[in-house]
Amino acid sequence: MDKYSKDIEIKWMKHWSSNNTYAFKDDGKKPIYSIDTPPPFTSGKLHMGHVLSYSLFDFAARFKRMRGCNVLYPQGWDCQGFPTEVKVEKKYGKNLNRDEFVNRCIEWTKEFIETMRSQMMRMGFSADWSREYKTMDPEYHKKVQYSLIKMHEQGLVYIGEHPVFWCANCRSAIAKAETEEVERKTVLNYIKFRVAETEEDLIIATTRPEYLHACVAVFVHPDDERYRHLIGKDAITPLGKQVKIIGDVDVEKDFGTGIVMVCTFGDKQDAVWVYRHNLPIIDAIDEAGRIKNSDKFDGLKLTDAREAMLKRIKEDGKLVKTEALHQVVKIHDRCKKPIELKMSKQWFCKVDGFQRDIIKAAKEMEWIPSYTLQYLVDWTNFVEWDWVISRQRHFGTPLPFYVCSKCNHTAPVDESELPFKPDKAKNRKCDKCGHEMKPERSVADVWVDSSITPLIISGWPDNENWKKYYPVSLRPQGIEIIRTWAFYTIYRTLVLTGKPPFKQLLLNGNVLGPDGKKMSKSLGNIVDPLELVEKYSADAVRIWVTMSGATAKDRPFNYQEMKYAQSFINKLWNASRFVENACKDYDANNEMQFITADRWIMDKLERVKHKVTEAYEKYDYFTATTELQNFFWHDFCDNYLEFVKYRIYSDEAKLKASAQHTLRTVLLQSIKMLAPVAPFTTEEVYNELFNNEESIHLSSWPEQLKENINDDYKNAGELLASIISEIRKYKNSKKMSLKEELPYLKIFVPKELERYNEQIRDEVKNIGKVKDIEFAIGEQICVE
RNA sequence: GGGCCCGUAGUCGAGGGGUUAAGACGUCUGCUUGACGUGCAGAAGAUCCCAGGUUCGAAUCCUGGCGGGCCCACCA
């Protein structure tokens with residue numbers, strides 16, 4: 001073995017790839033362990049979040065392989081979506097037709113996938129690349145469309161007219177999950193209404209005067225002394241319209257004047273009230289966010305309409321006052337523009353009504369850590385609207401339906417037409433009213449694509465084996481997408497198969513910047529994983545992942561931990577070199593004489609093995625690597641290696657052979673236990689010292705050997721280690737070099753350990769480099 | 001307003017009803033020990049956020065504060 005170099009990682013990366021080391025083979029004998037890996041959005045670059053979460057389940061995959069499972073570990077790509085459209089539009093302009101445009105998006109995405117795939121391989125992720133899937137593939141479209149047709153058959157997919165979150169900038173409906181909130185300054189306008197019956201003034205406060213034409217009611221709190229008498233009467237808006245005054249407990253008495261106008265729709269509370277009190281709906285804006293159905297303001301943008309409306313009210317003397325207000329508004333997470341609520345004809349999945357089933361299914365799975373289940377339960381309990389699944393975009397999975405232009409009847413496309421492309425489809429006749437049905441041109445929300453990944457990787461629906469691989473063993477994912485990915489997957493797979501999709505969910509948090517804040521360009525605290533790999537090696541980065549805890553917590557990136565991980569790789573490497581040199585003439589058939597140091601380290605190894613294996617089973621990689629590092633670095637390297645050096649350099653054959661044997665045994669089992677975390681270094685050591693035929697990653701996990709655990713071995717070994725430690729301290733205090741020989745030393749040993757004295761006498765003399773020793777009884781172990 | 005997580009040495013972080021509360025980085029002192037100075041041997045550094053309660057005993061459990069984070073709802 002030479003000096004450690006990163007070329008080793010490149011070498012093994014290529015080797016594993018060309019040998020299909022990680023290909024999934026179902027021999028029907030071993031148990032299946034399947035991982036529903038998150039398909040990353042094809043942004044073109046791996047970030048620290050990917051490195052964190054993908055490392056975590058790669059550890060699981062490698063561990064399970066060594067534990068004798070057939071591991072189904074495919075990698076997918078979440079290709080479609082708005083960001084790619086934006087970039088492609090920026091590069092090629094807006095004049096492409098739909099087909100050309102989508103092709104450019106596909107080309108673009110393919111390139112990005114190439115880059116990201118090579119970065120993943122560089123990280124040592126052991127996916128089976130022959131089972132890769134892309135959500136933009138025709139085959140994938142086919143399955144998504146098939147799933148929607150099946151749900152349509154059950155009456156769970158329908159077209160409807162509902163208030164939806166609408167992004168006027170993208171001209172598309174969006175889901176609640178795609179919204180973000182920002183704080184901004186706005187103006188609260190106090191506007192004079194009138195009570196129809198009594199002519200008294202009624203001051204309402206609103207931030208959305210541009211919606212005045214869509215005002216359908218005025219609300220007050222039923223317990224509000226000031227206004228209780230008005231409930232049931234009518235109000236006249238400044239535009240002369242007569243609307244009801246209604247009492248509702250959701251009105252905030254203390255906000256503004258305590259009177260609120262309800263428009264359809266100024267905000268979500270309006271929508272709630274409209275449905276609660278069965279109020280009329282006025283479709284107030286068009287797709288581009290311009291006013292409609294008003295008297296004079298049709299066609300104006302909302303901001304212009306606000307100006308115009310305020311001017312008019314002011315001229316009429318109905319604007320009482322204005323005040324500044326801080327407000328939180330919802331924006332579209334992709335384009336960052338404010339969201340409106342709009343009546344719109346969209347496709348929906350019926351989610352409302354399934355809450356109980358979803359929660360029941362979620363409770364049947366194991367959530368790691370367990371409190372994350374609550375995130376899903378909370379979110380599910382809040383769901384009150386169905387899921388808007390249609391998007392008026394291009395780069396997405398086309399919805400496989402026809403819609404009658406007259407009666408709105410919907411029909412699925414024939415299964416033989418899948419994958420369905422609306423551009424190429426002909427109109428057909430409505431089997432309800434006989435009019436023309438047109439192919440739907442909207443595409444599916446990207447969560448529709450990604451919410452069937454457990455089915456996709458199982459081979460659903462055409463591969464008969466799918467039931468064997470479903471439900472999948474593990475769903476690893478970020479905690480922040482429980483409300484989307486986990487929620488939608490549980491819902492969809494439940495209605496499609498009747499079974500929960502996973503056995504276990506492993507949640508991970510995010511990597512924060514070294515300053516503890518969310519990584520962002522503006523803060524300049526972004527850590528690039530590829531630079532880390534360059535500087536420290538992929539194995540070191542992977543070890544870092546284990547170091548700040550395996551919980552779902554967010555964790556700051558920490559260069560100190562990174563450095564420690566790097567040192568550990570170095571330690572592992574050099575200890576292996578030592579063992580290699582020490583065992584040059586090793587022969588397993590030699591006669592061996594095992595003594596205290598050997599028995600002590602073997603006992604320790606066994607105890608550590610137990611803890612490490614248990615920790616791996618629980619996905620607790622922090623404990624697993626911490627235990628291993630402490631054992632390997634401090635017990636094995638700092639102590640055992642030093643304890644046997646005199647035997648390695650001696651002529652006593654039996655003592656030398658036993659030392660060699662023990663060195664090799666401990667090293668082999670240690671690198672096996674480290675293999676899931678540090679695949680490159682351990683593969684190299686395994687190949688150089690133990691077996692150059694087979695990969696360590698296909699070898700089996702060290703077996704538990706209970707007979708090696710023995711308290712006598714442990715006590716004697718610990719006494720030996722403590723005495724050596726005392727001798728080192730003693731020499732240190734005398735400013736002596738440790739290898740300098742002492743002529744004589746008196747060693748005090750507590751009475752209960754006295755019986756080990758003779759057993760360790762020779763080792764103490766040889767290891768401690770003391771010519772002559774004498775034992776005595778003392779309260780604690782010490783030397784003089 | 002609701003839910004969840006968290007508050008431990010200069011920094012990062014394990015652990016956790018009962019003797020001296022891991023470990024890493026940093027700091028300090030020794031050691032050119034033949035795998036490694038990316039090393040070895042030592043040392044210093046913690047009122048375990050605050051206040052009550054339960055207990056023979058709390059940093060650990062409970063309650064309430066204070067502080068931080070994430071998610072959700074609402075803000076007309």
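Predicted model only: the values in this text are computed from it and were never measured. Below, all heavy atoms of this structure are taken into account, side chains as well, without hydrogens, waters or symmetry copies. Throughout, protein chains are lettered first and strands after them, A, B, ... in sequence-line order, and every chain is numbered starting at 1.
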Out of B:C4, B:G26, B:A76, whichever nucleotide has its closest atom nearest the side chain of A:T207: B:A76
Sugar-phosphate, base or nothing in reach of A:L641, heavy atoms under 4.0 Å: base
Sugar-phosphate only, base, or nothing, as touched by A:T206 at under 4.0 Å among non-hydrogen atoms: sugar-phosphate
Counter-base of B:C61, judged by Watson-Crick or G-U geometry with both distances under 3.5 Å: B:G53
Touch class at under 4.0 angstrom, heavy-atom based, for A:Q629 against every strand present: nothing
B:C75 to B:C62 separation - P atoms, rounded to the nearest Å: 35 Å
B:G67: pairing nucleotide in any strand, Watson-Crick or G-U under 3.5 angstrom: B:C6
Enclosure of A:D585 CG (heavy-atom neighbours >12, cutoff 6.0 Å): yes
Per A:N558 side chain, nearest of listed nucleotides B:A35, B:C12, B:C71: B:C12
Within 6.0 Å of CD in A:E652, more than 12 heavy atoms from elsewhere: no
Between the protein and nucleotides 37-39 of chain B, are there any N/O to N/O pairs under 3.5 Å, and if so, what are the atom names and distances?
| residue | atom | partner | partner atom | Å |
| --- | --- | --- | --- | --- |
| B:U38 | O2' | A:N570 | OD1 | 3.2 |
| B:G39 | O3' | A:K571 | NZ | 3.2 |

Which residue lies more 5' along RNA chain B, comparing A:V260 with A:S725 via nearest heavy atoms: A:S725
Lys NZ or Arg CZ of A:K645 over A:F578 ring: under 6.0 Å, within 45°: yes
Set of residues satisfying side-chain contact (heavy atoms from CB on, under 4.5 Å) with respect to A:Y564, sequence neighbours excluded: A:M547, A:Q629, A:W633
A:T681 and A:D539: side chain donor to acceptor below 3.5 Å: yes
Touch class at under 4.0 angstrom, heavy-atom based, for A:Y649 against every strand present: base
Complementary nucleotide of B:C40, counting Watson-Crick and G-U pairs under 3.5 Å: B:G30
Check: A:H221 ring centre within less than 6.0 Å of A:Y227 ring centre: no
Whole-Å gap separating P (B:A24) and CD (A:Q560): 12 Å
